[in-house]
Amino acid sequence: MTSTTIHEIVPDIFRLSTHVHEVAPPAGFSFNQFLIRGDEPFLFHTGMRQLFPLVSDAVSKLIPISDLRWISFSHVEADECGAMNQFLAAAPHAEVVHGGLAVNISLNDLADRAPRPMADDEVLDIGGHRMRFLPTPHVPHNWESGLWLDETTRTLLAGDLFTQVGAGGPVTTDDMIEASRAAEEIFHFTSIGPNVAPTLRRLAALKPTTLATMHGPSFQGDGAAQLTALAGNYVTLALTDRAA
């Protein structure tokens with residue numbers, strides 16, 4: 001039976017993970033959300049609508065769900081924000097927060113309450129954590145894509161970057177590149193354009209020590225080295241595609 005597990009990967013940042021065996025069998029595929037517990041709790045990713053009972057139950061074990069203040073995600077996609085309006089209904093003071101582009105092209109219409117737009121590199125102080133919004137258009141996909149850096153713990157909420165199949169553990173210190181490359185060969189999920197490597201190098205310059213990934217384990221260690229290596233991997237893939 002599918003269930004959602006909870007692990008605190010750094011102080012007050014919790015990974016909520018649901019492993020779905022039917023996706024990418026036989027290994028299966030994990031769908032992860034991250035709750036940052038501050039004065040104004042912040043949820044990154046909502047999961048699909050069908051996962052709302054499991055994910056909301058996990059959230060309620062960490063905070064009263066009505067206390068949820070901020071809801072965000074990397075980009076507009078079912079596994080990222082499918083349950084957005086269900087969380088808005090359960091948390092009367094919650095707001096969706098994202099970059100101005102996502103707000104203007106999608107969220108003003110999709111969200112049941114008016115969303116809060118963020119400027120590029122703007123900081124949202126949630127009380128105990130300073131969340132910096134980082135626009136990453138088309139990286140790994142979607143025009144409106146954006147990530148968040150918790151400056152307090154040096155945790156990058158990395159979205160679909162470093163996607164892996166399988167369950168794995170909640171946290172790893174192992175190199176992520178080979179597993180991510182294998183997932184890329186299965187899903188072809190990255191828009192391999194000219195901005196991919198520069199964007200990843202810009203994220204590397206922030207020197208995160210935790211990479212909170214949506215699919216697979218979170219990474220702890222030299223996040224800059226992992227992001228730089230991922231940039232190199234996509235440069236290689238781009239050159240291979242051109243040669244073909």
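Every heavy atom of this structure was used, including side-chain atoms; hydrogens, water molecules and symmetry mates were not. A quick note: this is a predicted structure, and the numbers were derived from the prediction, not measured.
Side chain of Glu8 to main chain of Asp12: a donor-acceptor pair is present (N/O by atom type, distance under 3.5 Å, no hydrogens or angles). A donor-acceptor pair is defined here as one N or O able to donate and one able to accept, closer than 3.5 Å; no such pair exists between the side chain of His45 and the backbone of Ser72. Side-chain atoms of Arg37 do not come within 3.5 Å of backbone N or O of Ile13 as any donor-acceptor pair. No side-chain donor-acceptor contact under 3.5 Å links Asp121 to the backbone of Arg132.
The structure places CG of Asn233 at 8.0 Å from CD1 of Ile192, a figure rounded to the nearest 0.5 Å. Atom OG of Ser17 is separated from atom CD of Gln33 by 8.0 Å, given to the nearest 0.5 angstrom. Rounding to the nearest 0.5 Å gives a distance of 13.0 Å between CD1 of Ile71 and CZ of Phe44. A distance of 8.0 Å separates CG in Leu101 from OG in Ser106, rounded to the nearest 0.5 Å. Put simply, CG on Asp125 and CD on Glu151 are 9.5 Å apart, with the number rounded to the nearest 0.5 Å. Once rounded to the nearest 0.5 Å, the distance linking CD1 of Ile65 with OG of Ser56 reads 5.0 Å.
Between Val59 and Phe87 there is a side-chain heavy-atom pair separated by less than 4.5 Å. Between Asn108 and Pro115, the closest side-chain pair of non-hydrogen atoms falls below 4.5 Å. Within the 4.5 Å cutoff, side-chain heavy atoms of Ile36 are placed close to those of Leu157. Between Val76 and Cys81, some side-chain heavy-atom pair lies under the 4.5 Å cut-off. Annotation: side chain of Met176 is not in contact with side chain of Leu211 (no heavy-atom distance under 4.5 Å). The shortest distance between side-chain heavy atoms of Met84 and Phe52 does not fall below 4.5 Å. With contacts defined as side-chain heavy-atom distances shorter than 4.5 Å, the pair Phe42/Val97 qualifies. Contact of the Leu230 side chain with the Ser180 side chain is registered, since non-hydrogen atoms from C-beta on lie closer than 4.5 Å.
With His129 as the fixed residue, the side-chain hydrogen bond (donor to acceptor under 3.5 Å, both in side chains) test singles out one of Asp150, Thr152, Asp39: Asp150. When each of Thr136, Thr199, Leu203, Thr213 is checked for a side chain to side chain contact (heavy atoms under 4.5 Å, CB included) with Leu161, only Leu203 meets the rule.
Cluster annotation: Ile105 is not connected to Leu147 through the hydrophobic network of ILVMFWY side chains, with a link wherever side-chain heavy atoms come within less than 4.5 Å. Hydrophobic clustering, with ILVMFWY side chains joined whenever heavy atoms are under 4.5 angstrom apart, groups Val23 together with Leu16. Cluster membership check: Phe133 does not share its hydrophobic cluster with Trp143, using side-chain heavy-atom separations under 4.5 Å among Ile, Leu, Val, Met, Phe, Trp and Tyr. A continuous path of Ile, Leu, Val, Met, Phe, Trp and Tyr side chains, each step under 4.5 Å between heavy atoms, connects Met48 with Val96, placing both in one hydrophobic cluster. Put simply, Met214 and Val165 are part of two different groups of oily side chains (I, L, V, M, F, W, Y) that touch within less than 4.5 Å, one to the next.
Between His75 and Glu144, the side chains place no donor N or O within less than 3.5 Å of an acceptor N or O (distance only, hydrogens not considered). A side-chain N or O of Gln226 and one of Asp175 form a donor-acceptor pair less than 3.5 Å apart. If you check the side chains of His141 and Asp160, you find a donor sitting under 3.5 Å from an acceptor. Side-chain atoms of Ser74 and Ser145 form a donor-acceptor pair, as typed in the model, at a separation below 3.5 Å. A donor-acceptor pair shorter than 3.5 Å can be found between the side chains of Glu184 and Thr190.
Closest non-hydrogen pair, Pro135 versus Pro137, comes out as C-CD, 3.5 Å. Minimum interatomic distance between Val103 and His98 (heavy atoms only, all atoms of both residues): CG2-O, 4.0 Å. Residue Thr172 comes nearest to Asp174 through the heavy atom pair OG1-N, 3.0 Å, listed as atom of the first residue, atom of the second, then distance. Among all heavy-atom pairs drawn from Leu156 and Leu134, the shortest one is CD1-CD1, 3.9 Å. Contact detail for Pro217 and Gln164: the closest heavy-atom pair is CD-OE1, 3.8 Å. Closest approach of Phe219 to Thr173, counting heavy atoms only: CE1-O, 3.6 Å.
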*Mind running side chain to side chain contact (heavy atoms under 4.5 Å, CB included) on Val10 and Gln220 for me, showing each step along the way?*
CA-CA 9 Å; Val10 295; Gln220 289 185 334; 3.5 Å; yes
*Could you check Val55 against Thr46 for side chain to side chain contact (heavy atoms under 4.5 Å, CB included), going step by step and ending with a plain yes or no?*
CA-CA 7 Å; Val55 177; Thr46 69; over 6 Å; no
*Given the rule in the side chain to side chain contact (heavy atoms under 4.5 Å, CB included) test, do Glu40 and Leu124 qualify, once you have shown the distances and angles that lead to the verdict?*
CA-CA 10 Å; Glu40 299 181 354; Leu124 180 69; 5.5 Å; no
_I'd like to know whether Ile126 forms a side chain to side chain contact (heavy atoms under 4.5 Å, CB included) with Trp70, so could you lay out the CA-CA distance, the side-chain angles of the two residues, the decisive distance to 0.1 Å, and finally the verdict._
CA-CA 9 Å; Ile126 67 169; Trp70 301 105; 3.8 Å; yes
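Ring-plane geometry between His215 and Phe29 is classed as parallel, the angle between the planes falling under 30 degrees on a 0 to 90 degree scale with a further cut at 60. His19 and His21 have perpendicular rings, their planes meeting at more than 60° on a 0 to 90° scale where under 30° would count as parallel.
For residues 44-70, every residue pair satisfying the salt bridge (Lys or Arg N to Asp or Glu O under 4.0 Å) rule, not counting sequence neighbours, is listed here: Asp57-Lys61, Arg69-Glu95. Listed by first and then second residue, the salt bridge (Lys or Arg N to Asp or Glu O under 4.0 Å) pairs involving residues 13-27 amount to none (not counting sequence neighbours).
Checked for salt-bridge contact, Glu178 and Arg181 meet the test: a charged N lies under 4.0 Å from a carboxylate O.
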